[in-house]
Amino acid sequence: MSELNVTEQEQVVEQGVHNYSSEEQWVKPESPLLLERLGWFKDQKLGLMMHWGPYSQLGVVESWALSDKDEEWSRDGIDWNVDTNELKRQYVGLNKTFNPVRFQPELWAELAAENGFKYLNFTTKHHDGFCMWDTHTTDYRVTGPACPFHAHKYADICKQLFDAFRAKGLGISAYFSKADWNTPTYWAPGMERGTFTSRGPSYNPKEYPWLWEQFVKFTHEQIMELMTRYGRIEMLWLDAGWVCEESGQDIRLGEVVEKAREVQPWLLSADRTVGGAYENVITPEQTLPEQPLNVPWESCITMGTSFSYRYEDNYKSVRQLIHLLVEIVAKGGNLALNVGPQPDGRLSQTAIDRIKGMGTWLNVHGEAIYGTRVCEPYSVGNYHFTQTKDTTYAFYLYKDEHETVKEELHLPVLQEFSRIDLAGGEDNLQFHRTENGIIVRLPENAVSEPAPITHVFRLHKRRGK
C-alpha cells in the first residue's frame, strides 16, 4: 500500500472505532422509493445491533486481534501466554468449537419486538471473514463442515434470525464487512509484507489487478447471496470504510448495490465513512453528534463496553440507555443498540433485563420517540425536544435517582401552546409563559422520590401557530 493509502486508512478507523461522514458528504437519492424508505428509517428510532461469531467464545474484540498493525489496542484482552502467530491460528480455528446450541432466534425476536425495537442490524460477516450464513463462497462459515454447529436445525443463523425478526414486523439491516481477512485474495500469502498483517490487503491492487478482481467478484457473490436468498432486506450496512475507490481498494460497490436493487428496489445502503451516493445513512460509532444532523443517521453504541460478548462486561443502566436514546432522537438520529450474544447462543440475563427496562419506559413514552422529527431548541442541558405534526414533546432527564424533583420546571421553548400534558400522567397541567420559556407545574403525584428516568411533556400546538 502507498503511504497515502495507509494514512487514509488510519483516519477512517481508530482503535476499531469508525469516524463518521460529514453532513456535506451525504448525497440525496434521486429514487422516490429510496426517499420513502429513508423516511421509514427515520421513523424507527431504535434498532438492535448484534456482533456474534466464533470470537465470542474468547470474550475478546471481534477480528481486530488478527491485525498486527492494531496489536497495541486490539490485543489488550489477550492475557494468556501465546505468541502472535499462535494467537492468529487460535483465532482462525475458533470455528471448530463454535457450537451455540442454546440459540433461540424466536425468543430474541420476541424480546426485541415486545420492548420497542424496530429493526435488527446483524453481523453477517466481520473482518475476520467468518460467515454467519450458508454461503457457497467459502468453507469458513457457520454451516461449514469444520463448525460443529453445521448440523443443527438453526445452523444458517442469518436465515433463522432474519425470518424470526421479520415475522415480528421488524426490519432487517444486514451488516457486511467489505474487508475479508480470511480469503487469500485479500490477505494473500507470499506478498512483500510477509506475515505482517494490517487492515488492508497484503498487496497493492494496482500492481496485482487480476488478484484484486478475484476479490471483487468474491465480495459481489457474497453480497448477492444475502440479497437474493434471505428475504426482504431493508439496508445493506457496509463496514470497513477503508475499502473504497479513494484508497485504491475499489470493489465497484455501486455495481453490486444496483444489481441488488434489481431484486430489492427498496434497499438502502450504508457505505460507512465513504460518503457519496451509497452512504444513504451516516453511522457514528460509540458517539453521537454534538449538533443535530439534517440527514438520516444512526449511532451504533454498545450496551456494555464491547461490541462482541465480553465476560462480566459493565453494562449501561436503563437510565443511561434511555438518556442516550432521547438525545439521539432529539438530534434526528436512530440508536442501534449493540448487544453481544453469548457463545452458547443466549443473551445474558443483564442484557435481557436492560432491554425489558427500556421496553417498560417506551411502553409509556414511545409516542415521543417513534415517528418524530427534530424540533428547536433540540437539546438544552437536561432538556430535549421532538415533534410530530401537531405535538411537541419536551423531555427532562434526571441524571440519577437522587436528583431532586422540583414542583415546577422551566421549559426553554418560545412557541405558543394551548395545553400541556404529562405523558403517562395527568393532562392539562398548570403552566404560564415567561420571557424565555414556559413554567410548567408537575402534578403532586409526579414530585416523587426516587427521581424517574425522565419526565416527558406533551405540548399541544396552538392552532394557526
Side-chain angles (χ1 to χ4, degrees), residues 1 5-6 8-19 49-58 60-78 84 87-95 98 121-133 135 137-138 140-142 158 174-189 193 195-203 205 212 215-216 218-220 222-223 226 236-244 247 249 251 253 270-274 283 285-286 300 302 306-309 338 340:
M1 300 296 294
N5 289 343
V6 170
E8 287 173 346
Q9 288 180 14
E10 290 174 345
Q11 291 172 345
V12 168
V13 180
E14 184 176 350
Q15 295 197 359
V17 175
H18 284 64
N19 296 318
M49 189 177 196
M50 289 183 158
H51 281 68
W52 194 34
Y55 48 80
S56 303
Q57 298 170 90
L58 295 184
V60 299
V61 65
E62 65 286 342
S63 299
W64 287 99
L66 291 171
S67 171
D68 294 327
K69 178 75 172 179
D70 296 277
E71 68 172 324
E72 183 177 351
W73 67 269
S74 69
R75 296 175 187 166
D76 59 358
I78 311 301
T84 298
L87 169 63
K88 294 176 187 176
R89 285 192 290 268
Q90 289 178 354
Y91 184 105
V92 172
L94 288 169
N95 66 315
F98 187 56
N121 184 359
F122 184 72
T123 46
T124 66
K125 183 185 78 167
H126 207 262
H127 315 325
D128 60 16
F130 185 81
C131 298
M132 298 288 275
W133 80 96
T135 180
T137 61
T138 177
Y140 199 54
R141 65 184 193 270
V142 70
C158 284
Y175 172 114
F176 180 88
S177 172
K178 296 179 292 182
D180 190 310
W181 297 344
N182 187 262
T183 181
T185 57
Y186 194 78
W187 276 5
R193 193 180 61 194
T195 60
F196 185 83
T197 53
S198 64
R199 62 188 63 145
S202 61
Y203 60 94
W212 183 253
F215 176 69
V216 172
F218 167 84
T219 304
H220 284 204
Q222 287 197 331
I223 289 174
L226 291 166
L236 177 61
W237 203 95
L238 297 151
D239 207 354
W242 60 87
V243 181
C244 62
S247 71
Q249 300 180 48
I251 59 168
L253 180 67
D271 192 16
R272 307 187 67 200
T273 73
V274 176
T283 58
E285 180 174 335
Q286 296 289 49
C300 45
T302 54
S306 171
F307 280 99
S308 56
Y309 178 72
N338 185 91

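Atoms considered below: every heavy atom in the structure, side chains included; atoms not considered: hydrogens, waters and symmetry mates.
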J.: Where do Ala240 and Ala179 come nearest, in terms of heavy atoms and distance?
T.: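 Between these two residues, the closest heavy atoms are CB-N, 3.6 Å.
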J.: Of all residues at least two apart in sequence or in a different chain, which pass the side chain to side chain donor-acceptor pair (under 3.5 Å) check with Tyr309?
T.: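 Once residues adjacent in sequence are excluded, Tyr309 has no partner under the side chain to side chain donor-acceptor pair (under 3.5 Å) criterion.
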J.: With Trp181, which residues qualify under side chain to side chain donor-acceptor pair (under 3.5 Å), at least two apart?
T.: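 Partners of Trp181 by the side chain to side chain donor-acceptor pair (under 3.5 Å) criterion come out as none, since no residue qualifies.
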J.: What residues form a side chain to side chain donor-acceptor pair (under 3.5 Å) with Tyr140, not counting sequence neighbours?
T.: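 For Tyr140, no residue satisfies side chain to side chain donor-acceptor pair (under 3.5 Å) once neighbours in sequence are set aside.
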J.: Which value, rounded to the nearest 0.5 Å, describes the distance between Leu253 atom CG and Ile223 atom CD1?
T.: 6.0 Å
J.: Side chains of Trp237 and Thr283: closer than 4.5 Å at any heavy-atom pair?
T.: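 Trp237 vs Thr283: side chains touch.
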J.: Would you please test Met50 and Tyr175 for side-chain contact (heavy atoms from CB on, under 4.5 Å) and show each step?
T.: CA-CA 9 Å; Met50 289 183 158; Tyr175 172 114; over 6 Å; no
J.: Counting C-beta onward and ignoring hydrogens, is there a side-chain heavy-atom pair between Pro54 and Tyr91 closer than 4.5 Å?
T.: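 SC-SC contact between Pro54 and Tyr91 ruled out.
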J.: Do Ser67 and Arg199 get their side chains close enough for a donor-acceptor pair, meaning under 3.5 Å?
T.: no
J.: State the NZ-CG distance between Lys125 and Leu226, to the nearest 0.5 angstrom.
T.: 9.5 Å
J.: With sequence neighbours excluded, what pairs up with Tyr55 under the ring pair (Phe, Tyr, Trp, His ring centres under 6.0 Å) test?
T.: none
J.: Under 4.5 Å between any side-chain heavy atoms of Thr123 and Glu62, yes or no?
T.: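 Thr123 does not reach Glu62 side chain to side chain.
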J.: How would you list, by chain and number, every residue that makes a salt bridge (charged side-chain N to carboxylate O under 4.0 Å, His left out) with Asp128, sequence neighbours excluded?
T.: none
J.: OG1 of Thr183 to CZ of Phe218: how many Å apart, nearest 0.5 Å?
T.: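 Taking OG1 in Thr183 and CZ in Phe218, the distance rounds to 4.5 Å.
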J.: Just to verify, what does Ser306 make a side chain to side chain contact (heavy atoms under 4.5 Å, CB included) with, not counting sequence neighbours?
T.: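 Counting only residues at least two positions away or on another chain, Ser306 forms a side chain to side chain contact (heavy atoms under 4.5 Å, CB included) with Ser308, Arg310, Asp313.
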J.: Of all the heavy-atom pairs spanning Ser74 and Val61, show the shortest one and how long it is.
T.: O-CG1, 3.4 Å
J.: Heavy-atom distance under 4.5 Å between the side chains of Phe307 and Glu285, does that happen here?
T.: yes
J.: Do Cys300 and Arg272 come close enough that some side-chain heavy atom pair is under 4.5 Å?
T.: yes
J.: Side-chain contact, heavy-atom cut-off 4.5 Å: Lys178 with Phe215?
T.: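 The answer is no; the side chains never approach within 4.5 Å.
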J.: Pro201 and Trp187: which non-hydrogen atoms are nearest, and at how many Å?
T.: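 Taking Pro201 first and Trp187 second, the nearest heavy atoms are CA-CD1, 4.3 Å.
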J.: In Å and rounded to the nearest 0.5 Å, what is the CZ to CG distance from Phe130 to Asn95?
T.: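 It comes to 5.5 Å.
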J.: Have Ser177 and His127 got a donor and an acceptor in their side chains that come within less than 3.5 Å?
T.: yes
J.: Applying side chain to side chain contact (heavy atoms under 4.5 Å, CB included), can you list everything that pairs with Thr135, at least two apart in sequence or on another chain?
T.: Cys131, Trp133, Thr137, Thr138, Arg141, Gln222, Glu225
J.: Sequence neighbours left out, what passes side chain to side chain donor-acceptor pair (under 3.5 Å) with Asn182? Give chain and number order.
T.: none
J.: Go through the side-chain N and O atoms of Asp76 and Trp73 and say whether any donor and acceptor fall under 3.5 Å apart.
T.: no
J.: Are Val243 and Ile251 side-chain neighbours, meaning at least one heavy-atom pair lies under 4.5 Å?
T.: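 The answer is yes; the side chains approach within 4.5 Å.
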J.: Ile78: which residues meet the side chain to side chain contact (heavy atoms under 4.5 Å, CB included) condition with it, sequence neighbours left out?
T.: Val60, Arg75, Trp80, Val82, Leu87
J.: Do Asn338 and Thr302 have side-chain N/O donor and acceptor atoms under 3.5 Å apart?
T.: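 Absent: no donor and acceptor within the cut-off.
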J.: Taking atom OG1 of Thr84 and atom CG of Leu66, what is their separation to the nearest 0.5 Å?
T.: 11.0 Å
J.: With sequence neighbours excluded, tell me which residues meet ring pair (Phe, Tyr, Trp, His ring centres under 6.0 Å) with Phe98.
T.: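 Ring pair (Phe, Tyr, Trp, His ring centres under 6.0 Å) list for Phe98, sorted by chain: Trp52.
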J.: Report the distance from atom OH of Tyr203 to atom OH of Tyr186, rounding to the nearest 0.5 Å.
T.: 8.5 Å
